[in-house]
Structure formats: structure tokens, C-alpha cells
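Only one structure is covered here, and it is reproduced in the block below.
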2 protein chains.
Amino acid sequence: MDKKYTIKDIAQMAGVSKGTVDRVLHNRGKVSPAALEKINEVLNVIDYEPNLIARNLKNTKIYKICVLLPDPEIDSYWLPCVNGIQDAVKEFKPYSVNITIQYFNPESKKSFVSANNAVLNLEPDAVLIAPVFHKETIEAVKVYEESNVIVNTFNNQIESNAVKCFVGQDLYKSGRVAASLMNLILSEGQIAIVHIDESLKNAVHMQEKEKGFRSYFEEKKLNSFLLTTLKLKHPNVESKFLNFLEENPDLKGIFITTSKAYQIATTLSGLKDKKIALIGYDLIEKNVNYLNEGLLHFLIHQNQKRQAYLGVSTLAEHFLYSKEIPETILLPIDIINVENADFYIY
Amino acid sequence: MDKKYTIKDIAQMAGVSKGTVDRVLHNRGKVSPAALEKINEVLNVIDYEPNLIARNLKNTKIYKICVLLPDPEIDSYWLPCVNGIQDAVKEFKPYSVNITIQYFNPESKKSFVSANNAVLNLEPDAVLIAPVFHKETIEAVKVYEESNVIVNTFNNQIESNAVKCFVGQDLYKSGRVAASLMNLILSEGQIAIVHIDESLKNAVHMQEKEKGFRSYFEEKKLNSFLLTTLKLKHPNVESKFLNFLEENPDLKGIFITTSKAYQIATTLSGLKDKKIALIGYDLIEKNVNYLNEGLLHFLIHQNQKRQAYLGVSTLAEHFLYSKEIPETILLPIDIINVENADFYIY
DNA sequence: ATAAAAAATGTGCTCGAACACACTTAAAAA
DNA sequence: TTTTTAAGTGTGTTCGAGCACATTTTTTAT
């Protein structure tokens with residue numbers, strides 16, 4: 001019943017040679033109707049599963065997968081991704097899949113373009129892109145498509161049907177999750193939605209989260225809340241935020257749409273009298289520290305490590321085992337507080 | 001640089017035959033110091049990774065893994081586990097690993113014992129047990145050890161160093177997580193810790209959760225809360241609970257330590273005037289429905305599906321790729337509310 | 001010095017799928 | 001009927017690791 005049948009077994013049972021069986025299995029034609037029927041009869045009775053091990057043995061091609069990632073030394077947000085990729089590298093090392101990372105400067109479009117050119121020169125079979133620059137990515141993807149290179153993206157979504165698969169999170173929903181948590185901590189008052197970012201690369205990202213956040217309060221008709229949006233940019237994050245605090249002395253909660261919640265927490269830790277609910281994103285060390293201190297109340301885990309890992313592993317498994325690549329992989333929106341954070345940090 | 005070296009390559013480089021290289025790689029002895037040195041020199045320079053595909057090709061042994069699981073038709077709690085196992089079955093079908101499930105009646109120790117005997121007759125290479133019956137499991141594990149069968153457990157932990165690996169959750173911590181959420185919904189009042197179970201099989205399980213729950217309030221010195229424990233057993237869950245409600249009219253919150261939170265929610269849905277915070281376990285359909293209705297506030301996801309999957313997949317990968325089996329795999333304590341539940345339901 | 005034993009080394013086959021190529025049989029054309 | 005072409009079928013090799021066995025070299029004993 002659970003015996004593993006081989007092509008040779010089938011050939012024997014059908015009274016033909018393994019070559020003929022092979023032709024039937026792969027629709028290579030050149031098979032007489034009589035032989036076809038005999039073989040199909042056998043195939044209908046038994047449950048043939050080709051031995052993937054043997055199939056791949058013959059395949060000496062080394063598949064090349066390139067990952068385009070912002071340099072984590074410039075923006076440490078991307079560090080977990082490197083770990084995720086390295087996990088995949090380790091996993092697929094014994095197989096004929098070669099994974100390389102190409103870093104670029106997340107503040108320089110030029111750097112992104114030249115990184116793409118470098119990748120193209122490596123003639124990869126597939127690439128995984130963190131599409132920080134929208135327009136430039138669209139163009140790069142076009143070139144990859146012409147060269148028959150499979151493209152996966154992660155973290156940020158871009159609209160292009162040349163992209164095979166996107167790994168990420170439903171940002172709108174994650175904003176709603178944040179809102180539901182905020183509504184649990186507070187029952188009324190002013191809440192600020194704060195966008196902190198050096199560049200405005202994540203504009204769409206942050207907007208989606210804000211939309212989701214606001215939708216929750218609107219839908220539930222929670223009129224006792226007042227939502228205010230605040231944009232902060234690199235050199236003067238703290239000063240501008242302090243201004244905002246002075247102008248809004250009754251602020252009760254802050255939803256930070258990026259991983260920079262720790263910056264707000266740092267500022268607030270200097271003001272002892274303020275008791276403000278903070279919800280942010282990502283389990284980076286500084287955030288977790290403030291979680292432990294009780295200044296940060298919730299973090300939403302975007303699990304970039306797993307995003308990056310899944311981005312390449314689906315590609316590798318596609319090449320190795322001809323697994324299908326799903327169009328989108330949406331990771332769960334993990335709710336983290338001080339009590340369960342440990343289990344999400346690797 | 002990233003070329004894949006084969007044993008033949010190494011043999012050629014070292015000026016010996018592949019047989020000798022093989023002996024060195026596997027410490028099979030019978031190698032002259034001169035040859036050993038030459039080969040080691042080559043191995044130090046290049047980065048040899050044996051081709052696992054080729055290695056496993058020759059290995060025609062079909063590994064047998066048996067899963068001992070309570071019949072999900074008797075207790076639907078175990079249904080997700082079946083799905084997890086079936087995922088693993090699908091994944092490893094093309095390889096020489098055979099996974100079978102042996103069901104037993106979770107209310108009958110006799111059934112568990114006979115299931116173990118049936119499994120033993122199949123002469124498995126490894127088993128994964130849901131150790132519902134503590135004493136019986138310990139004894140069964142002893143027998144498996146004597147027959148050199150690897151034993152993994154999941155869901156419940158048992159103390160036996162004959163068990164190779166446990167997959168589960170930190171129950172104490174999960175109780176603390178529940179407490180932290182309760183403390184967010186309520187700021188004072190009486191909270192009931194409710195243990196619901198047909199049999200008292202999960203005694204340790206539930207106790208650990210209660211300990212964790214209580215520890216949170218004790219540690220934070222939250223004296224405005226009053227914690228009460230309530231045990232409910234099958235035939236008269238509702239009546240006893242209604243009694244309890246009458247005797248404790250000021251009850252503000254309930255923490256249900258099993259997956260039966262929906263039973264409490266059902267009863268409460270009949271009493272319109274009560275507004276009680278509910279936190280329970282497991283994303284079973286009935287619970288999720290009450291989550292959507294707003295009667296249940298939080299669920300803690302124990303992810304039995306993944307527990308079962310990991311339980312067998314670590315075994316399969318151990319056999320196929322000689323991966324190490326970790327001693328314990330602790331799954332994260334996922335916090336679920338109505339906003340993020342979708343992403344955890346498969 | 002020669003035979004016997006031991007140690008070291010090399011050869012060749014296996015696993016299952018895939019595919020090139022050789023071969024046989026049947027059908028169509030001369 | 002014979003030749004040519006096409007259709008159908010079978011054989012043999014490859015992939016890399018692993019291991020049995022044959023062969024060669026070295027060491028030890030007689």
C-alpha cells in the first residue's frame with residue numbers, strides 16, 4: 001500500500017520499458033495508444049510519486065538567487081533580514097542553490113540602481129528585492145522580466161505583475177490592530193499618529209498603517225478620541241516632537257508607524273510627569289528595552305527576518321522541488337507586550 | 001569560489017582515489033598518514049559540503065514515524081493537530097518517510113495503552129505522542145526506549161529523559177500573558193480563573209497557567225484585584241457556573257485555562273446585563289465566533305497545528321538529513337484579538 | 001628470502017529519474 | 001516488392017555518495 005514505486009516498477013507492471021514510461025509521465029509523445037493505455041492503467045491503480053531526490057541528482061545546474069537589501073550598517077532596521085537570509089543560505093547550502101546578498105544605500109537611488117546592475121551581471125535565476133525606491137524598482141523589475149529572472153519582493157509592496165511573489169504584512173490591518181490595542185489602554189483623549197523617518201521612502205507604508213488605525217476609530221464611532229497626525233524627519237525629530245507635546249499637553253497616546261518608537265520613548269523618559277500610551281513597530285533592541293521598562297506598551301512584530309527568509313526559500317524550493325510560488329504571503333500581525341516578547345526574539 | 005566540490009574532485013586534487021577520500025571523510029580508518037595529510041590539506045582549502053541528494057538516494061530504507069493522537073472526533077481540540085500532521089505527510093511524501101496516525105480515546109487509558117501496542121507492532125523508527133495520560137505515557141516511553149524508538153512529545157510535557165524532544169508552549173508564561181491583558185482591560189475587581197474540562201487530564205496544564213496568571217498580579221502588587229479559582233466539570237458546567245455568578249455578582253473578568261471559553265461565552269450571552277472580560281485559549285471556531293461578536297476579548301494561540309507539524313518534521317528531517325533534534329521547541333505565545341485573528345486561521 | 005598477514009588503496013556497482021541514442025517495427029512512398 | 005521515412009520502443013549512461021570487494025603495497029613472521 002505505502003510501497004514506493006519506481007519507474008522501473010511501473011515499466012515491469014505494464015510490460016514495457018522504463019523509457020516508454022518516462023515518455024508517458026512527461027508527455028514526450030512517441031507512444032502507441034496500446035502502450036499508453038497499459039501504463040495509464042497501472043498509474044491509476046498505484047500511487048506513483050517520483051523520487052525528488054533522484055530527479056534532482058541529475059540536475060547539476062546551480063541556481064543563483066540574489067537579494068537586494070539596504071545596507072544594515074546604514075539602517076539597522078534591515079539587520080534581521082540578513083539573519084533570515086543567512087538561515088536560508090545555511091539551509092540550502094548542501095543543495096545546488098547559491099544565495100548572495102547585494103547591499104545598497106537606502107538613502108541613495110543611484111546606489112539602488114547600480115546594485116541592480118551588479119546583480120544583473122551575475123545573471124541570477126531569481127532576485128528578492130526590498131523595494132525601497134518605488135519608481136526605480138518598477139524599472140528594475142521590467143529589466144529582470146526581459147532577462148527571464150523571477151522577481152520576489154518583500155516588506156514593501158509595489159504594483160507590477162512582473163513580480164512573482166510578495167512577502168509582507170497587511171499594513172492597513174496592522175494599523176487596525178494597533179488601534180484596537182490603543183482603545184484598550186485608553187478610553188478617551190487625544191492620540192497622535194507619528195511618522196518618523198529619515199527619508200520619506202516609506203510614505204505608502206506609513207499611510208496604510210494610519211488609514212487602518214483611523215478606520216478603527218471611525219468604524220466604532222469612538223468620538224471620545226481625537227486623532228492627530230504628526231510627521232517627524234531626521235535631524236530635528238526630538239525638537240519638533242517636544243514642540244508638539246507643548247502644544248498638545250493633554251496627549252494620551254502615540255502610535256508610531258515605523259520602527260523608531262524608541263526615539264519617542266527616549267524623549268518621554270526625560271519627562272517624568274507624562275504618562276502616555278505608546279504603540280510602535282518591530283522588535284528591535286531599543287524598542288524591546290523600553291518595552292521592558294514599561295514605557296512602550298505594545299509592539300507589532302513585522303517579522304522581517306521571516307519575511308526575508310520566506311522570500312528566498314520559496315524561490316529555492318521552486319527551483320529544487322518545482323514547488324509553486326504563491327502570489328502573496330501575508331505574515332500574521334503579532335501582538336507583542338513585555339510578557340511575550342521573549343518568544344519572538346531569536 | 002562557490003563551486004560545488006564532489007568527492008571525485010577532492011580525490012583528483014589530492015591525487016588519491018575517491019575510496020580513500022570517503023574513508024577520511026567518515027573516519028573509517030585504513031588510511032596512511034601521507035594520504036590523510038594530502039586529503040586534509042585539500043579539505044582545508046576548499047569548502048566541501050556533501051551532496052545530500054546523492055547521499056539519500058542510496059538510502060532505500062523507509063523510515064516509519066507514528067503519531068499517537070486523541071481521536072479528534074471525540075475531542076475536536078485535536079483537529080488542528082491532524083492538519084499539521086497531514087501537512088507533514090504531504091511534505092515528506094516524495095521522500096522515504098512514512099507517517100501514520102494512531103488515534104486513541106482521550107477518555108480511556110486502556111485505549112491509549114492498546115494504541116501504543118499497535119504502534120509497537122508497526123516497528124516505527126520514531127513516535128510523536130500527545131501524552132494525555134501521564135503515568136501510562138511514562139511507561140510506554142520506557143518500552144519505546146528499549147526498542148530504540150525515538151520519542152517526541154508535544155502539547156503536554158512529561159518528565160522523562162527518554163523523551164528526545166518536546167514541542168509546546170511555556171504555560172506559566174502564557175498565564176502571565178493572559179494576566180497582562182486582563183490588567184489592561186480591567187483596573188480592579190474580581191477575576192475568576194476557570195478550569196473547564198471533561199476529564200481532569202489536563203490538571204498540570206491548567207495549574208501552570210493559573211500559577212502564571214496569579215504570579216503577574218502578585219508580582220505587580222495589584223491589590224485592587226481579587227482572584228478566585230473555579231473548577232467546572234462536564235455534565236454540569238453551565239449550572240455550576242450560573243451558581244458562581246449569582247454568588248459573585250461583581251465579577252469583572254474570567255480567565256479560562258482551556259479551549260472551552262466558548263462555553264462560558266454562551267452562558268454569558270444569555271445574560272445581557274453582564275459585562276465581563278473574557279480571555280481564553282485556542283482559535284477553535286466557536287471561540288473565534290465569540291471573538292467576532294465581542295464577547296471574548298482575547299485568545300491565546302497555542303498553535304497545536306504547528307506543534308504537531310514540528311513534532312514530526314524534526315523527526316523526518318533527522319532521518320533524511322541527519323539534522324539534530326532540539327530538546328525543546330517552545331512556540332511563541334500569540335496574542336489574538338478580533339483584529340488579527342484572521343491571520344492565524346489556516 | 002619467501003610466504004603469509006595486514007594495511008592501504010582503487011574499482012565498480014547501486015540507488016531512481018532523465019534523457020540521448022540505438023534499435024525495431026510499422027506505415028508510406030517509389 | 002523494395003526502399004524510405006516515420007513512429008514506437010528499449011538500452012545505456014549520467015548525476016554523487018556510499019560501500020563491498022578486488023587489488024596493490026607494505027609489514028611481519030617463518
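A, B, ... follow the sequence lines: proteins, then strands. Residue 1 opens every chain.
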What is the ring orientation for Phe104(A) with Phe112(A), classed by angle as parallel under 30°, tilted 30 to 60°, or perpendicular over 60°?
perpendicular
Minimum-distance nucleotide (side-chain atoms of Ile7(B) versus dG16(C), dG10(D), dG18(D)):
dG18(D)
Starting at CD of Glu49(B) and ending at P of dG16(D), how long is that distance when rounded to a whole Å?
15 Å
Within the 4.0 Å heavy-atom criterion, would you say Asp22(A) contacts the bases, only the backbone, or no part of the nucleic acid?
base
To the nearest 0.5 Å, atom CG of Asp334(A) lies from atom NE2 of His301(B) at 9.5 Å
Output the single nucleotide from dC21(C), dT9(C), dA18(C) whose closest atom is nearest the side chain of Ala35(B).
dT9(C)
Separation of dG16(C) atom P from Leu25(A) atom CG, nearest Å, is 15 Å
For atom CD1 of Ile39(B) and atom P of dA17(D), their distance in whole Å
14 Å
What integer distance in Å separates Arg55(B):CZ from dT14(C):C1'?
16 Å
Report yes or no: is there a donor-acceptor pair, N or O only, under 3.5 Å between the side chain of Arg23(B) and the base of dG18(D)?
no
In terms of side-chain heavy atoms of Lys18(B), which of dG8(D), dG10(D), dT11(C) is nearest?
dT11(C)
I'd like to know if the side chain of Asn116(A) reaches the main chain of Ala140(A), judged simply by a donor and an acceptor atom lying under 3.5 Å from each other, with no hydrogens or angles considered.
no
Please check the phosphate of dA17(C) (OP1 and OP2 only) for any side-chain N or O of Tyr48(A) closer than 4.0 Å.
yes
Given dG10(D), dG8(D), dG10(C), identify the nucleotide with an atom nearest to the side chain of Val16(B).
dG10(C)
Can you tell me the distance, in whole Å, between the CD1 atom of Ile10(A) and the C1' atom of dG10(D)?
17 Å
Considering only heavy side-chain atoms of Thr20(A), the closest of dT9(D), dG16(D), dG18(D) is dT9(D)
For Ala34(A) and His26(B), take the nucleotide of DNA chain D holding the closest heavy atom to each; which residue's nucleotide lies nearer the 5' end?
Ala34(A)
Between CG of Leu43(A) and P of dA17(C) the distance, given in whole Å, is 12 Å
Assign each of Ser32(B) and Ala54(B) the nucleotide of DNA chain C bearing its closest heavy atom; nearer the 5' end lies the nucleotide of Ser32(B)
Only one of Arg55(A), Arg28(A), Lys30(A) forms a salt bridge (Lys or Arg N to Asp or Glu O under 4.0 Å) with Asp22(A), so which one is it?
Arg28(A)
Would you indicate which nucleotide in dT13(D), dA17(D), dC19(D) comes nearest to any side-chain atom of Arg28(B)?
dC19(D)
Please report, rounded to the nearest Å, how far the P atom of dT24(D) is from the NZ atom of Lys30(B).
18 Å
If you measure from CG on Leu128(A) to CD1 on Ile150(A), what distance do you get to the nearest 0.5 Å?
12.0 Å
Verify the contact: side-chain N or O of Ser17(A) to OP1 or OP2 of dG10(D), cut-off strictly under 4.0 Å; return yes or no.
yes
Separation of dG10(D) P from Gln12(A) CD (nearest whole Å):
13 Å
